[in-house]
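Contents: one structure, followed by commentary.
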Amino acid sequence: MTGVTDVLSFDESMVVLQTEQGTLTVKGKNLHIGRLDLAQGEVKMSGSVDGILYSGSNPAKKGSLMKRMFR
């Protein structure tokens, strides 16, 4: 994922990320952050994702979130 500005919380079942466009919550099992580079705004995660919840103020600001997430 790109556009990440901060990791608000994380454990093996949920990761909450602050992005340039809002808050992204990833729920699942065995979630692990493999690479975190906040200077570049990049996070690489692994695990089984059961759901993604996005709450943002302006999702069209810099293109599709899903397009940027799964590049």
Side-chain angles (χ1 to χ4, degrees):
M1 291 181 264
T2 61
V4 175
T5 59
D6 198 8
V7 177
L8 302 177
S9 68
F10 68 93
D11 60 33
E12 288 190 351
S13 63
M14 183 169 60
V15 178
V16 182
L17 304 168
Q18 183 66 45
T19 72
E20 294 171 349
Q21 299 177 8
T23 304
L24 181 70
T25 303
V26 180
K27 293 183 180 183
K29 297 177 185 90
N30 299 316
L31 299 176
H32 298 280
I33 295 177
R35 180 172 184 256
L36 173 63
D37 185 345
L38 293 179
Q40 296 293 321
E42 295 179 350
V43 173
K44 291 190 179 183
M45 295 176 17
S46 63
S48 175
V49 175
D50 295 329
I52 298 173
L53 175 65
Y54 174 75
S55 58
S57 58
N58 190 2
K61 182 178 171 185
K62 290 189 178 182
S64 166
L65 174 67
M66 295 305 272
K67 185 176 181 180
R68 294 180 67 220
M69 226 169 61
F70 299 107
R71 58 183 184 130

Tell me, which pairs form a side chain to side chain donor-acceptor pair (under 3.5 Å) where one or both residues lie in residues 7-16, sequence neighbours left out?
-> Asp11-Ser13
Distance (rounded to the nearest 0.5 Å) between Leu17 CG and Thr23 OG1 | 9.0 Å
From Ile52 atom CD1 to Lys27 atom NZ, the distance as rounded to the nearest 0.5 Å | 12.0 Å
Check: Gly3 main-chain N/O paired with Thr19 side-chain donor or acceptor under 3.5 Å = no
Leu8: hydrophobic cluster co-members (side-chain, 4.5 Å) = Met14, Val16
Salt bridge (charged side-chain N to carboxylate O under 4.0 Å, His left out) involving Asp37 - partner list, sequence neighbours excluded | Arg35
Non-neighbouring partners of Ile33 that pass side chain to side chain contact (heavy atoms under 4.5 Å, CB included), sequence neighbours left out = Val7, Phe10, Val15, Leu36, Val43, Met45
By side chain to side chain contact (heavy atoms under 4.5 Å, CB included), which residues pair with Ser46, not counting sequence neighbours?
-> His32
Results of side chain to side chain donor-acceptor pair (under 3.5 Å) for Asp50 - residues two or more places apart only | Lys29
Can Val4 be reached from Leu53 by stepping across I, L, V, M, F, W or Y side chains whose heavy atoms are under 4.5 Å apart?
-> no
